[in-house]
Amino acid sequence: MTFALVDANNMYVSCERVFNPKLENRPVVVLSNNDGMAVARSAEARALGIKMAEPWFKWKHLAKQHGIVALSSNYALYADMSNRMMKVLAQFSPDQEVYSIDECFLGMDGFKHLDLVAYSHEIRRRVKQWVGLPVCVGLAETKTLAKLANHCAKKNLAGAGGVCDFGRMTQDELSKLFATIDVSEVWGVGRALTQKVGARGITTVESLRTADPKTLRREFSVTLERTIAELNGTQCVDLEDANPTRQQIISSRSFGAPVTELEQLREAVASYIGIAAAKARAQGSVAGMVQVYIRTNVFKPESPQYQQTQTVPLPESTSDTLQLTKAALWALKRIYKLGYAYHKAGVALLNLTDGGDGTVQKDMFSTAKDNTKLMAVMDRINATYGRGTLRSAAEGSSKEWAMKRERMSPCYTTRWDELPVVKA
DNA sequence: CTATAACTCTCAA
DNA sequence: CTAACGTTGAGAGTTATAG
């Protein structure tokens, strides 16, 4: 099987550039929620030494010095651009797995009569022209190799030019190439594994590829054994379902400023439940358990630390925001302690099951109102007018705890009122 | 004891 | 001016618990 892995170049920065061409050729960084750290960097920003996941305040001085543009993340914009990109890519193969907001796998078996490299260049050209995003393409016989080929395309290794096809290279050429690539670039090899296999002298892709799979399976995991097989061209991982039903739904955020009052935590928890419950309804699931957690700031070890989670089993599985809120607020009250500066809270909907007609186990003694219709109306209104238009009173209206996003660009593609006015 | 639930660790974007 | 460090989901493996 031949896979193509198509991945946008620093997606978030590229999205911003589509609507603000002044950002071209300049160092640009997009920040995480709360304007905390760098999650996307233009090539120019990378060249200045700004690392991925580096806290902004640590390089803010660089920003001043070199005129780096730092932007808050605008997920509404990126999600919309992603949808456009995926639609265009879907035209190139009937087999598409949307793997993340900025990349997808395409099954290429039906196109082997074509020149796949030329075909990939056409993919790049069309996505650039129709959506405005630059992408690179990696081609290979397994998903793991396709990811690696994409890495080479991006780094312009193996004479890439935005497309890298391992199928066109000999085993000898591949071995030489792999010997120059750090093992941490391999899909599935993260920080911890890099350390551990490094201690056994495995530091390059080539040394992992040629390592003994049985030994590594024994010492590490079956996952690593599969990775080694995939690096050697034996396919272990197939294309997956595009929109699998989630087994759990989490909503959590750090606060814009420390929170000490229970009332504020209640608003935050209620808001997160609002988000999570809407997601559950959207996929037709009901939750059997709700989990709530709160924590202080781990990056401030000098201030008193506290962290706690509480799980509540529900008498009857539900996706009703009001019932779930009630359960979550009860859990919150159990774990809340006065005297701490809370930094983050979150909720999780667990034990999700299919909420389809009549399959939910009912609670014989339940006195809860059936809010199914209310929820349906709420979802419709919020779909039209934006999330939070209709919400539970428990969410409050001040939202003093809400995250910081001080440098956000307009939602160019999803909000008329944020379109910049062009003077004639 | 086994089967499974619950939890921990790791990884990815 | 100050202080300031993401979110969501999955899978594997281990430990706790029920029966």
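Proteins get letters first, then strands, A, B, ... in listed order; numbering begins at 1 in each.
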Has Lys147(A) got a side-chain N or O lying under 4.0 Å from the OP1 or OP2 atom of dA13(B)?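 For dA13(B), OP1/OP2 do have a side-chain N/O of Lys147(A) under 4.0 Å.
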It should be established whether His343(A) places a side-chain nitrogen or oxygen under 4.0 Å from OP1 or OP2 of nucleotide dG6(C).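 For His343(A), the contact criterion (side-chain N or O under 4.0 Å from OP1 or OP2 of dG6(C)) is met.
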In whole Å, I'd like the distance from the [atom1] atom of [X] to the [atom2] atom of [N].
X: Lys143(A); N: dC11(B); atom1: NZ; atom2: P; answer: 18 Å
X: Gln248(A); N: dT8(C); atom1: CD; atom2: C1'; answer: 8 Å
X: Glu103(A); N: dC11(B); atom1: CD; atom2: C1'; answer: 13 Å
X: Asn34(A); N: dC5(C); atom1: CG; atom2: C1'; answer: 10 Å
X: Leu349(A); N: dG9(C); atom1: CG; atom2: C1'; answer: 13 Å
X: Phe57(A); N: dC5(C); atom1: CZ; atom2: P; answer: 6 Å
X: Asp7(A); N: dA12(B); atom1: CG; atom2: C1'; answer: 12 Å
X: Arg295(A); N: dC5(C); atom1: CZ; atom2: C1'; answer: 12 Å

Counting only side-chain heavy atoms from C-beta out, which of [options] sits nearest to [X]?
X: Asn33(A); options: dA10(C), dG6(C), dT10(B); result: dG6(C)
X: Arg246(A); options: dA12(B), dA10(C), dC5(C); result: dA10(C)
X: Lys279(A); options: dA12(B), dG9(C), dG6(C); result: dG9(C)
X: Ser254(A); options: dT8(C), dT7(C), dT10(B); result: dT7(C)
X: Ala192(A); options: dT10(B), dG6(C), dC5(C); result: dT10(B)
X: Ser32(A); options: dG6(C), dC11(B), dT8(C); result: dG6(C)

Identify the heavy atoms of Met86(A) and Ser100(A) that sit nearest to each other, and give their distance.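 Nearest pair, atom of Met86(A) first, then Ser100(A): CE-O, 3.5 Å.
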Quick check: closest heavy atoms across Gln310(A) and Ala331(A), and the distance to 0.1 Å?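 Heavy atoms only, the tightest pair is CG-CB, 3.5 Å.
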Would you mind classifying the nucleic acid contact of [X] as base, sugar-phosphate or nothing, using non-hydrogen atoms under 4.0 angstrom?
X: Ser73(A); value: nothing
X: Lys344(A); value: sugar-phosphate
X: Asp102(A); value: sugar-phosphate
X: Leu31(A); value: nothing
X: Glu54(A); value: nothing
X: Asn297(A); value: sugar-phosphate

Taking [Y]'s backbone N and O only, do any of them form a donor-acceptor pair with [X]'s side chain (distance below 3.5 Å, no angle check)?
X: Asp320(A); Y: Met375(A); answer: no
X: Asp182(A); Y: Ser184(A); answer: yes
X: Arg84(A); Y: Val131(A); answer: no

Spacing of the C1' atoms in dC11(B) and dG6(C) (rounded, Å):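 That atom pair is separated by 15 Å.
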Reading nucleotides 14-19 of chain C from 5' to 3' and marking B where a protein heavy atom lies under 4.0 Å of the base, S where only the sugar-phosphate is that close, and - otherwise, the string is ------
Dot-bracket encoding per residue of DNA chain C, Watson-Crick/G-U cut-off under 3.5 Å, | denoting interstrand: ......|||||||||||||
Quick one: on DNA chain C, does Pro55(A) or Thr245(A) contact a more 5' nucleotide (nearest heavy atom)?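 So the residue in question is Pro55(A).
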Any N/O pairs under 3.5 Å between the protein and nucleotides 11-13 of chain C? List them or say none.
| from | atom 1 | to | atom 2 | distance (Å) |
| --- | --- | --- | --- | --- |
| dG11(C) | OP2 | Gln247(A) | NE2 | 3.4 |
| dA12(C) | OP1 | Arg226(A) | NH2 | 3.1 |
| dG13(C) | OP1 | Val222(A) | N | 3.3 |

side-chain contact (heavy atoms from CB on, under 4.5 Å) evaluation trace for Glu103(A) with Lys147(A): CA-CA 10 Å; Glu103(A) 66 186 296; Lys147(A) 290 276 280 186; 2.8 Å; yes
Where at least one partner belongs to residues 79-101 of chain A, residue pairs that pass ring-ring contact (aromatic ring centres under 6.0 Å, His included), sequence neighbours excluded: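 As it turns out, the ring-ring contact (aromatic ring centres under 6.0 Å, His included) pairs with a partner in residues 79-101 of chain A, which skip direct neighbours, are Phe92(A)-Tyr119(A), Tyr99(A)-Phe105(A), Tyr99(A)-Trp187(A).
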Under 3.5 Å side-chain donor-acceptor pair for [X] and [Y]:
X: Arg391(A); Y: Ser271(A); answer: no
X: Gln235(A); Y: Thr142(A); answer: no
X: Asp35(A); Y: Ser72(A); answer: yes

Does the distance from a Lys or Arg side-chain N to an Asp or Glu carboxylate O, for Arg126(A) and Glu122(A), drop under 4.0 Å?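 Yes, this pair counts.
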Could you tell me whether Lys51(A) and Glu54(A) have a side-chain N and a carboxylate O separated by less than 4.0 Å?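 Looking at Lys51(A) and Glu54(A), the cut-off is not met.
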When you look at NZ of Lys155(A), are more than 12 heavy atoms from neighbouring residues, nucleotides or ligands closer to it than 6.0 Å?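 12 or below, so no.
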List in numerical order all residues of residues 178-189 of chain A for which some heavy atom is under 4.0 Å away from an atom belonging to DNA chain B.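 Heavy-atom contacts with DNA chain B come from Val186(A), Trp187(A), Gly188(A), Val189(A).
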List in chain and number order the residues that pass side-chain contact (heavy atoms from CB on, under 4.5 Å) with Lys326(A), two or more places apart in sequence or in another chain; answer none if no residue qualifies.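 For Lys326(A), no residue satisfies side-chain contact (heavy atoms from CB on, under 4.5 Å) once neighbours in sequence are set aside.
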Give the C-alpha distance, both sets of side-chain angles, the deciding distance and a yes or no for ring pair (Phe, Tyr, Trp, His ring centres under 6.0 Å) between Tyr272(A) and Tyr293(A). CA-CA 11 Å; Tyr272(A) 303 160; Tyr293(A) 81 89; 9.2 Å; no
Quick one: is the NZ or CZ of Lys60(A) closer than 6.0 Å to the six-membered ring centre of Trp56(A), and within 45° of its axis?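 Cation-pi check for Lys60(A) and Trp56(A): passes.
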